[in-house]
Structures are given as structure tokens and as C-alpha cells.
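Values reported hereafter were calculated over all heavy atoms of this structure, with side chains retained and with hydrogens, waters and symmetry mates removed. In what follows, chains are A, B, ... by sequence order, proteins preceding strands, each numbered from 1.
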Amino acid sequence: MTTDSPVKYELLHVCKQSGARRGILHTPHGDIETPVFMPVGTQATVKAMTPEEVSSLGAGIVLANTYHLWMRPGHDLVREAGGLHKFMNWPHAILTDSGGFQVFSLSGARKIKEEGVSFNSHIDGSLHELTPELAIDIQTALGSDIIMQLDECADWRADRGYIKASAERTLRWLERCVKQHKNDAKQALFGIVQGGVYEDLRKMSAEQTITFDLPGYAIGGLSVGEPADIMYKMLEVVTPILPADKPRYLMGVGSPDYLIEGVIRGIDMFDCVLPTRLGRNGTVITSQGQLTVRNASYAGDFTPLDPNCSCYACQNYTRAYIRHLIKANEILGLRLTTWHNLHFLLNLMSEIREAISRDELLDFRDHFFSQTAAHKE
RNA sequence: GGGGGAAUACCCAAGUGGCCAAAGGGGGCAGACUGUAAAUCUGUUGUCACCGACUUCGGUGGUUCAAAUCCACCUUCCCCCA
């Protein structure tokens with residue numbers, strides 16, 4: 001099955017200093033250099049940006065969400081439109097998340113059973129049941145390049161017994177997803193490793209998940225509030241188990257420190273709402289650390305968001321102007337902050353890839369952190 | 001000229017004897033945000049020597065144990081009639 005997969009990982013180089021991987025992810029909608037950051041466009045749009053803008057920032061793949069598009073506008077409509085790529089005018093690769101994260105984030109409006117998850121729609125409260133089979137069918141209709149199994153992203157603070165049961169159910173759901181997927185030639189199904197913050201459960205989940213011989217593996221249920229060192233520990237347990245010829249995707253990670261540390265621990269793919277959400281909420285990620293440009297201290301600051309940035313926002317606008325736009329509730333303000341944040345992370349990944357090629361990723365990390373630390377008060 | 005109404009914190013606006021340093025919005029200030037129910041949410045917003053004290057509800061004086069709330073006069077604004 002693997003050899004027929006529409007998505008293939010090509011390993012280019014392993015950093016001699018850190019063990020990090022550089023590679024290429026071949027998809028039906030283009031080749032993607034890894035490690036890669038994938039902007040999130042839940043509702044078939046990266047909020048505040050046009051697809052052309054997202055593409056111009058260097059993104060070759062974005063996320064969309066099964067649950068949200070199922071609820072609205074409905075996957076049949078997207079199929080009728082000619083698939084997600086055509087519907088949203090995005091010619092590059094798309095990865096759809098299965099709705100597993102909504103099991104976590106909409107926990108107040110959902111019930112988990114062996115058969116699947118029943119949701120009360122966040123839009124109108126109507127009851128819907130998402131099963132592993134339906135999650136595949138919806139993603140088939142959407143036509144994304146990479147599809148995710150239905151999993152349960154459990155609360156990391158849940159007790160061990162629950163996490164174990166949840167991870168095992170996620171494996172049973174994977175089996176059903178694989179069966180439903182039927183070796184589709186155009187879409188690659190990724191499995192998701194769960195197991196919370198328990199090393200043995202993570203190990204069990206990883207070992208079981210790879211028996212399905214899938215074109216890629218994700219690590220889920222992390223970066224949901226647990227301490228960073230626990231997350232790093234889980235990665236150190238899981239990535240050595242995952243096959244070297246397949247991409248490894250750490251779901252939901254997007255702060256610069258997590259990205260760098262994740263790559264060092266063998267991760268190839270990341271996605272996160274952080275840059276777009278932070279931007280809309282008036283915060284920018286810079287080479288000197290996070291900066292809440294909405295704050296009064298920048299009212300008269302006529303320097304760029306990040307003095308070391310070459311993005312459109314930083315080349316043309318000042319902190320003072322962008323703060324003014326945000327305070328005045330002008331759309332351009334959050335477009336510019338989003339623009340910058342996406343550029344920053346995509347550029348960071350590009351620098352990480354180059355550092356891997358030079359076998360200097362650890363040096364790069366130390367330099368990066370000293371820059372941000374130097375500006376912390 | 002006559003009659004009626006209103007003045008509350010940065011703004012709007014509740015409150016008509018003690019539970020009022022004073023509801024609620026807005027604005028301001030700050031914090032949070034990591035497979036997006038998020039252009040959202042949370043906190044804070046009289047002063048200070050801040051688990052306590054002090055000064056406030058147009059102004060002045062009064063009634064009362066107690067006043068943003070009651071009384072008198074004054075000031076300003078709005079509406080109606082001439």
C-alpha cells in the first residue's frame with residue numbers, strides 16, 4: 001500500500017549535530033520542503049488572508065477541518081464545487097483534520113461512544129454523529145491530499161485509565177478508518193498516536209499505530225496545556241518508534257520554541273492556529289520574542305513590528321500605525337499582524353531547514369533563544 | 001416672561017435614606033491565546049501609606065444616628081407655552 005501512496009516522504013539530510021531531518025513531502029498538489037509549518041484554515045480559509053497571499057508567504061500546504069466543513073457548508077456542497085482545492089482557490093496541498101480536536105475543544109457539546117462521537121452542532125445545536133467511517137467519507141468528499149483518522153484528543157489531565165482507554169479506542173477507530181479508506185489513490189491517510197503524558201501508553205500507541213503501515217504518522221494530544229518538558233519527553237519516546245521513511249506530524253504546535261525543539265526531536269510537520277490567532281488578537285511573534293503591539297507603549301513607535309523582518313508588513317508599516325489600526329478596529333490591522341506572524345513562522349522553518357543542511361541546528365537554536373531572551377525584561 | 005424636566009466616575013447610564021466607592025455598557029489599561037465555537041476571552045479602571053484609610057454623585061447650606069437619595073437656595077442645560 002505504501003508504495004502506491006499519493007503522498008511520499010523523501011529524506012534528504014539528517015543534521016549531524018541534532019539528528020533533525022530535512023526532506024521533501026511529495027503530494028498530488030506539489031512538493032513540500034520539510035520540516036514544514038502548515039497554516040490553519042479551519043473553515044477553508046486562513047483567516048484574514050487570501051490564498052494568493054498565503055502562497056506568496058511560502059506556504060505549500062494548509063489545513064482545513066472536517067467537522068467545521070461538515071457542519072457548514074456541508075461536504076456535499078464542497079464536492080459539488082469540485083473539491084476543496086477548487087472551492088477555496090488553493091492549488092497547493094491540503095491536509096484535513098478529522099474532527100478529533102473538536103472532540104476536545106467542543107467537549108461540552110459532545111459524547112464519545114465506541115461507535116463514534118455525537119456532537120451538538122456549535123452553530124444550531126442540532127445533533128450529529130461523527131464515526132470513523134463518516135470522517136473518511138467527508139474527507140473523501142473534500143478531496144484533501146492528506147486526511148486524518150478520527151481520534152480522540154483527550155484532556156492531558158484525565159486519569160491514566162481514561163487516557164489508556166481513549167488511546168486504545170483511537171486505535172480501533174484507526175482500523176475502521178483504514179478499512180473505509182480503501183487504498184484511495186489520491187489521498188493519504190495518516191494515523192494519530194495518542195497516550196497523553198504517559199510514556200508507556202505513548203509507546204504502546206505508536207507501536208500499534210505503525211502496524212497499519214500508513215504513509216504518515218501524527219502525534220496528537222500534546223501542546224494542550226501540559227508543561228513543555230513533558231511534551232518533549234513524549235516526543236523523545238514516540239519519534240524513535242516511527243519509521244524513518246514516513247513523515248512525522250506533531251499536531252497543534254506553533255510557538256517558535258516548540259517548533260525548534262520539535263524538529264530536533266525528529267518532527268517533520270506542524271500546524272497551529274497560533275500565528276493567525278495571535279495576530280488577530282494584537283500580538284506579533286518576532287525575532288525578539290512576542291510583542292503585544294496593541295499595547296499603549298507602541299503608540300508612538302515608528303519602527304517595524306520586527307526590525308529583522310523582510311515581510312510586507314514590516315517593510316511598509318510601523319508599530320504605531322498597526323496599533324492604531326487595531327485600536328480603531330480596522331481590518332487591515334489584523335491582516336498585517338497575521339501576515340507578519342505567518343511570514344515569521346514560515347521563514348523560521350526555512351531557516352531551520354538550512355541549519356539542518358549545515359548540520360548546525362543546535363547552534364541555530366541557541367542563537368535564536370539568546371535573541372529572544374536578550375529582549376525579555 | 002410662564003410652566004415642566006435634567007445634572008452620577010473618562011463617556012453613556014442605573015441607583016430616589018443605611019446592603020454605595022456607587023449596577024450595566026462603552027472607552028482606557030493589562031493579561032491570556034498552540035490539530036480555531038476566538039477580529040475572542042479574562043482581569044482591571046476615584047485617591048493613597050491599597051486586607052485599611054481618605055475624598056466623591058452640579059454648587060452651597062440644612063434635616064437625620066446615617067444623604068447620590070429628603071429640604072432650601074444658587075448655577076448650568078433641555079423641552080413646552082408666550
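Below the 3.5 angstrom threshold, one finds a donor paired with an acceptor across the side chain of A:Arg277 and the base of B:A38. A donor-acceptor contact under 3.5 angstrom links the side-chain atoms of A:Asp97 to the base of B:G35.
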Under 3.5 Å, which protein N or O atoms sit close to an N or O of nucleotides 24-30 of chain B? Give each pair with its distance.
unit_1 : atom_1 : unit_2   : atom_2 : d
B:C29  : OP1    : A:Arg323 : NH2    : 3.2
B:C29  : OP2    : A:Lys327 : NZ     : 2.6
B:A30  : OP1    : A:Ala296 : N      : 3.3
B:A30  : OP2    : A:Asn295 : OD1    : 3.4
B:A30  : OP2    : A:Ala296 : N      : 3.1

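Distance CD1 (A:Ile219) to P (B:G35): 16 Å, rounded to an integer number of Å. Taking atom CG of A:Leu63 as the reference point, atom P of B:U34 lies 15 Å away to the nearest angstrom.
Between A:Tyr67 and A:His122, the angle of the ring planes lies from 30° to 60°, which puts this pair in the tilted group. Ring planes of A:Tyr321 and A:His324: tilted class, angle from 30 to 60°. Relative ring orientation between A:Phe344 and A:Phe368 is described as tilted, the plane-to-plane angle lying within the 30° to 60° band.
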- Take A:Asp145 and A:Gln187, measure what side-chain hydrogen bond (donor to acceptor under 3.5 Å, both in side chains) needs, and give me the verdict at the end. CA-CA 5 Å; A:Asp145 301 280; A:Gln187 296 179 295; over 6 Å; no

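Contacts of A:Ser121 with the nucleic acid, taken as non-hydrogen atoms under 4.0 Å apart, are absent. At the heavy-atom level, A:Gly221 lies under 4.0 Å from base atoms of the strands shown. Across all strands shown, A:Asn281 has heavy atoms under 4.0 Å from base atoms, whether or not it also approaches the sugar-phosphate. When heavy atoms are screened at a 4.0 angstrom cut-off, A:Ile192 is found touching base atoms of the nucleic acid. Within the nucleic acid shown, A:Gln194 comes within 4.0 Å of at least one base atom, counting heavy atoms only.
Taken from CZ in A:Arg72 to CG in A:Asp124, the straight-line distance is 9.5 Å, to the nearest 0.5 Å.
Of all the residues in residues 139-164 of chain A, A:Asp151, A:Cys153 reach under 4.0 Å from RNA chain B with at least one non-hydrogen atom.
Residue whose closest nucleotide on RNA chain B sits further toward the 5' end, between A:Gly41 and A:Glu330: A:Gly41.
Look at the P atom in both B:A67 and B:U47: the space between them is 24 Å, to the nearest Å.
Contact annotation: A:Thr283 does not reach the phosphate of B:C33 (side-chain N/O to OP1 or OP2, under 4.0 Å).
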